[in-house]
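Notes to accompany the following structure.
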Amino acid sequence: MPKVLIEKLDDYGRGITHIDNKVVFIKDALPNELVEIEITSNKKKFSEAKVTEYVRKSKDRVKSPCPYFEKCGGCHLLHLTYDNTLTFKQNKIKELLKKNKINKNEEIEIIKSDFPLYYRNKISLKIENGKLGYYEESTHKLIEIKECIIAKHSINEVIKNYKLLNLENAKLTIRANDNDEILIIIETNEKEYNIELAKLKEKIKLVGIIYNKITIYGENFFYERVGGKLFKVSFDSFFQINENITTKLFALIKENIDESSVVLDLYSGVGTLGIIASSKSKEVYSIEIIKNAVLNGIMNAKLNQANNIKLMLGDVSSTVDKINLNFDTLILDPPRKGLDKKTREFILTKLPDKIIYVSCNPNTLIRDLKELETNYEIADFKIMDMFPFTYHIESFCVLNKK
Ligand SMILES: C[S@@+](CC[C@H](N)C(=O)[O-])C[C@H]1O[C@@H](n2cnc3c(N)ncnc32)[C@H](O)[C@@H]1O
């Protein structure tokens, strides 16, 4: 077994070392630790390994509060204190900016989650042969769980009582709102269901069950109250997974919208950011690809007395250039793949005064910022810790036209 010194962490929170000039990625290993490893996969350019013995542990190492951490692929940083996970994220962004030669002189501020555990309002699990769990990282091996310490307590109540669903093999998605009401979404090949509804309703505040896209109990949506606003959210509509950070995100959006501006809000989900912006702006135009989310958005505009917002259904890339709109502020909140080429070109033709870019993937964010940097300067760059104890990084950027 080779004995190696861990040099630093990679983007996914794995320890990095080199053996004969080849990089080796090691799960659950921290910088400055001396560990004995076993190579688990040997590729041309890199190897992967697991620790067989910790010869010298890092002073930063803490005991993971989750018993499944070593195997489960959901969290990546539970062997660090919360503050050290934040430093990891700050360093990652600093390195990315430096590597891409993007100027950002001031410190990158990080907005903490007030609840770094039990925060997720949506999780997806597998049920196999009646057992419930997550897949082990990069495998289809089920890790049975009895609790998930990053999911909200109300979701954990469903986990505790999942046997009442009487499912053998299924994908189970559980969503909870701010009031701990639960929506259960089941996808399965099983033709018949036998859910012990009365018992389940004694244990949790059940709003609805959707079985292979059909609502078999209650509603197929819930209401979510965040940042003083009320949102209707259908089972298939996106909603930010951390309510505490979402409240802080809403405050930042509002702060950065100029009075009487005309806003284009792309990738708008159920209309959240557009509705927040609408209280200060003259008009807001939103575009979103999921039909139910747009319908939710129309209802949400009414629920929140946002009368100056128009919500449109469409693919951003093929819709933006058809709407012939003059706008001065652009809100972007794309999925992980970031902006496509056509959308970047559209922005560079329109050149709005201000761009507010909310991103859940720093790699595509930096790629897009590189394209925009000739015309825009970064006025603000914050990390919002939407996904505590995982390597995922949510960023909030404000760009001003030069
Ligand atoms: C990260 S979410 C942001 C949603 C919303 N801004 C919020 O804060 O809740 C990204 C949204 O973009 C939508 N989306 C993904 N690809 C799209 C596309 N090509 N055109 C329009 N919307 C898209 C998704 O359905 C999702 O609602």
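A search for ring pair (Phe, Tyr, Trp, His ring centres under 6.0 Å) contacts involving F250 returns F231, not counting sequence neighbours. By the salt bridge (charged side-chain N to carboxylate O under 4.0 Å, His left out) test, K122 pairs with no residue at all, sequence neighbours left out. Taking Y223 as the reference, F221 meet the ring pair (Phe, Tyr, Trp, His ring centres under 6.0 Å) condition, with sequence neighbours excluded. Checked against side chain to side chain contact (heavy atoms under 4.5 Å, CB included), Y54 has the following partners two or more places apart in sequence or in another chain: D28, E33, V35, V51, K57, R61. Taking the ring pair (Phe, Tyr, Trp, His ring centres under 6.0 Å) definition, one finds that F69 meets it with H79, sequence neighbours left out. Taking the ring pair (Phe, Tyr, Trp, His ring centres under 6.0 Å) definition, one finds that Y376 meets it with nothing, sequence neighbours left out. Residues meeting the side chain to side chain contact (heavy atoms under 4.5 Å, CB included) test with N361, sequence neighbours left out: R336, N363, T364. Under the salt bridge (charged side-chain N to carboxylate O under 4.0 Å, His left out) criterion, K341 pairs with E345, not counting sequence neighbours. Shown here are the side chain to side chain contact (heavy atoms under 4.5 Å, CB included) partners of K280, two or more places apart in sequence or in another chain: K254, I257, E259. Listed by chain and number, the residues in a side-chain hydrogen bond (donor to acceptor under 3.5 Å, both in side chains) with E95 amount to none (sequence neighbours excluded).
For the pair E128 and N169, the minimum side-chain heavy-atom distance is below 4.5 Å. Here the side chains of L165 and L200 are in contact, with some heavy-atom distance below 4.5 Å. For the pair T188/Y193, no side-chain contact is recorded, criterion being any heavy-atom separation below 4.5 Å from C-beta on. Residues D321 and T349 form no side-chain contact, since every pair of their non-hydrogen atoms from C-beta on lies 4.5 Å or further apart. Considering only heavy atoms from C-beta on, S395 comes within 4.5 Å of I93 through its side chain. Residues E157 and D180 form no side-chain contact, since every pair of their non-hydrogen atoms from C-beta on lies 4.5 Å or further apart. Contact check for N42 versus S47: side-chain heavy atoms found under the 4.5 Å cut-off. Contact of the N91 side chain with the L9 side chain is not registered, since no non-hydrogen atoms from C-beta on lie closer than 4.5 Å.
Between the side chains of Y211 and E190, no donor-acceptor pair of N or O atoms lies under 3.5 Å. Under the 3.5 Å distance criterion, with hydrogens and angles disregarded, a donor-acceptor pair is assigned to the side chains of D333 and Q240. At a cut-off of 3.5 Å, with distance as the only test, no side-chain donor of N32 or K59 sits close to an acceptor on the other residue. Using a 3.5 Å distance cut-off with no hydrogens or angles, the side chains of S261 and S281 do not pair a donor with an acceptor. Side-chain contact of N166 with E196: a donor-acceptor pair under 3.5 Å is present, judged by distance alone.
Other residues, nucleotides and ligands contribute over 12 non-hydrogen atoms within 6.0 Å of the NZ atom of K205. More than 12 heavy-atom neighbours from other residues, nucleotides or ligands sit within 6.0 angstrom of NZ on K22. Within a 6.0 Å sphere centred on NZ of K342, other residues, nucleotides and ligands contribute more than 12 heavy atoms. No more than 12 heavy atoms of other residues, nucleotides or ligands sit less than 6.0 Å from atom NZ of K213. Within 6.0 Å of atom NZ in K401, more than 12 heavy atoms from other residues, nucleotides or ligands are found, so the atom counts as buried in its surroundings. The neighbour count for E70 CD, taken as heavy atoms of other residues, nucleotides or ligands under 6.0 Å away, does not exceed 12. Atom NZ of K71 has 12 or fewer heavy atoms from other residues, nucleotides or ligands within 6.0 Å.
Between L96 and P362 the shortest heavy-atom distance is CD1-CB, 3.7 Å. In terms of heavy-atom proximity, T40 sits nearest to K50 at CG2-CG, 3.9 Å. Nearest approach of S113 to N242, heavy atoms of both residues: OG-ND2, 3.4 Å. Closest approach of Y391 and K92 over heavy atoms only: O-NZ, 3.9 Å. In terms of heavy-atom proximity, P335 sits nearest to Y267 at CD-CD2, 3.7 Å. Shortest non-hydrogen contact noted between E288 and A293 is CG-CB, 3.8 Å.
Taking a cutoff of 4.0 Å between a charged side-chain nitrogen and a carboxylate oxygen, E109 and K382 qualify as a salt bridge. With salt bridges taken as basic N to acidic carboxylate O contacts below 4.0 Å, none links E202 and K199.
Going from atom OG1 of T390 over to atom NE2 of H76 covers 6.0 Å, rounded to the nearest 0.5 Å. Rounding to the nearest 0.5 Å gives a distance of 9.0 Å between CG of L273 and CD1 of I356. How far CG of L164 is from CD1 of I204: 8.5 Å, rounded to the nearest 0.5 Å. How far OG of S237 is from CD1 of I290: 7.5 Å, rounded to the nearest 0.5 Å. Atoms CD1 and CZ, from I123 and R175 in turn, are 12.5 Å apart once rounded to the nearest 0.5 Å.
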Could you walk me through whether R344 and D368 pass side-chain contact (heavy atoms from CB on, under 4.5 Å), step by step? CA-CA 7 Å; R344 290 197 298 263; D368 295 342; 3.1 Å; yes
Check the pair D114 / K248 against salt bridge (charged side-chain N to carboxylate O under 4.0 Å, His left out), numbers first and verdict last. CA-CA 10 Å; D114 295 340; K248 298 179 188 195; 3.0 Å; yes
Apply side-chain hydrogen bond (donor to acceptor under 3.5 Å, both in side chains) to S317 and T343, showing your working. CA-CA 5 Å; S317 115; T343 306; 4.9 Å; no
Please evaluate residues D385 and K112 with respect to the criterion salt bridge (charged side-chain N to carboxylate O under 4.0 Å, His left out), reporting the C-alpha separation (whole Å), side-chain torsions for both, the decisive distance (0.1 Å), and the verdict. CA-CA 5 Å; D385 202 23; K112 283 185 174 193; over 6 Å; no
Taking it one step at a time, do K232 and V270 satisfy side-chain contact (heavy atoms from CB on, under 4.5 Å)? CA-CA 7 Å; K232 181 178 179 184; V270 298; over 6 Å; no
Please evaluate residues F396 and M386 with respect to the criterion side-chain contact (heavy atoms from CB on, under 4.5 Å), reporting the C-alpha separation (whole Å), side-chain torsions for both, the decisive distance (0.1 Å), and the verdict. CA-CA 11 Å; F396 174 88; M386 186 76 83; over 6 Å; no
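Applying the ring pair (Phe, Tyr, Trp, His ring centres under 6.0 Å) test to every pair with at least one member in residues 19-38, sequence neighbours left out, gives these pairs: F25-F46. Among pairs with a residue in residues 149-186, those fulfilling ring pair (Phe, Tyr, Trp, His ring centres under 6.0 Å) read Y118-H153, at least two apart in sequence or across chains.
Checked options I210, N212, I195; the residue passing with I186 is I195 (criterion: side-chain contact (heavy atoms from CB on, under 4.5 Å)).
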